[in-house]
Amino acid sequence: MESVRDAVDDVREEIAAAVRRLDVAAARATYWAQNEFLVLERALPAALVERFVADVDRTRPLLHRNYIPRHKKGGSVSYHTLVEQAPAILALYRAPAFLEFLAAVTGRGLTHCPDRDPHACALYFYTEPGDHIGFHYDTSYYKGNRYTVLLGLVERSSSRLVCQLYKDDPARPLQELRLTTDPGMLVLFNGDKLWHSITPLGADEERISLTMEFVTDPSMTPVKRLFSDLKDAFAYFGLRSVFHSRRARRR
Ligand SMILES: [Fe+2]
């Protein structure tokens, strides 16, 4: 049987091969033409996505559900859980070739979020009717810019990722896209620039996506850290995941 370490090595090689197949110059041109927003259909091959979906199935019993009236409803699995239970997903997040690709497209010196950040990479489960998230920016609480990579993993739904481009640019007309995030589809954007939402899930539907965060400067002021922690605890992963996991790691 394949060991976890062999599997991680395989994933890393498959990611490097997938990234080599992408047209970096074209991706970069499109990203900048669209105000730091890019969609790549089938960016990662089905065999690789299957490995990530196996991680999804392993972590599904551990998801934390939350509900904020009129803003969001759904389940999430934090980075802290993925570190322990999702080796293929972690291999993607940490793959040097993947980071190099993102840095080349954005033209920024990107790095991973600190290990303490439960959003560094996380799974979002839309599994019950009405699961959704309202319009928002992926605001950076870091001193540097924050970039989001969204990867579609399971798509059996009528939900759409609604993106409003140029909302922060009065010189350009607003453009709205309604995307089906099919398995293997990758969306990359600057979190402070893209106004986006997920429309409500219908009955007997399911949509699961992975998001990964990268930053230009991972430092954060204490006040913003507290605000960020409280938001994560109440809106996403629960007090236990955000604060207890941190204490456990300190010990
Ligand atoms: Fe978001």
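For the single chain, residues carry numbers from 1 onward in sequence order. Read the numbers this way: they start at 1 and go in the same order the structure lists the ligands and their atoms.
- E213 and T148 form a side-chain donor-acceptor contact under 3.5 Å, judged by distance and modelled atom types alone.
- The atom of H136 that is an N, O or S and sits closest to the Fe ion (ligand 1) is NE2.
- Nearest N/O/S atom of H196 relative to the Fe ion (ligand 1): this is NE2.
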*asked:* Quick one, D229 with R116, criterion salt bridge (Lys or Arg N to Asp or Glu O under 4.0 Å). Give me CA distance, side-chain angles, the key distance, then yes/no.
replied: CA-CA 10 Å; D229 284 349; R116 64 183 301 284; 3.2 Å; yes

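- There is a side-chain donor-acceptor pair under 3.5 Å between D217 and S219.
- Counting only N and O atoms by type, the side chains of D168 and Y137 include no donor and acceptor under 3.5 Å apart.
- Closest to the Fe ion (ligand 1) among the N, O or S atoms of D138 is OD1.
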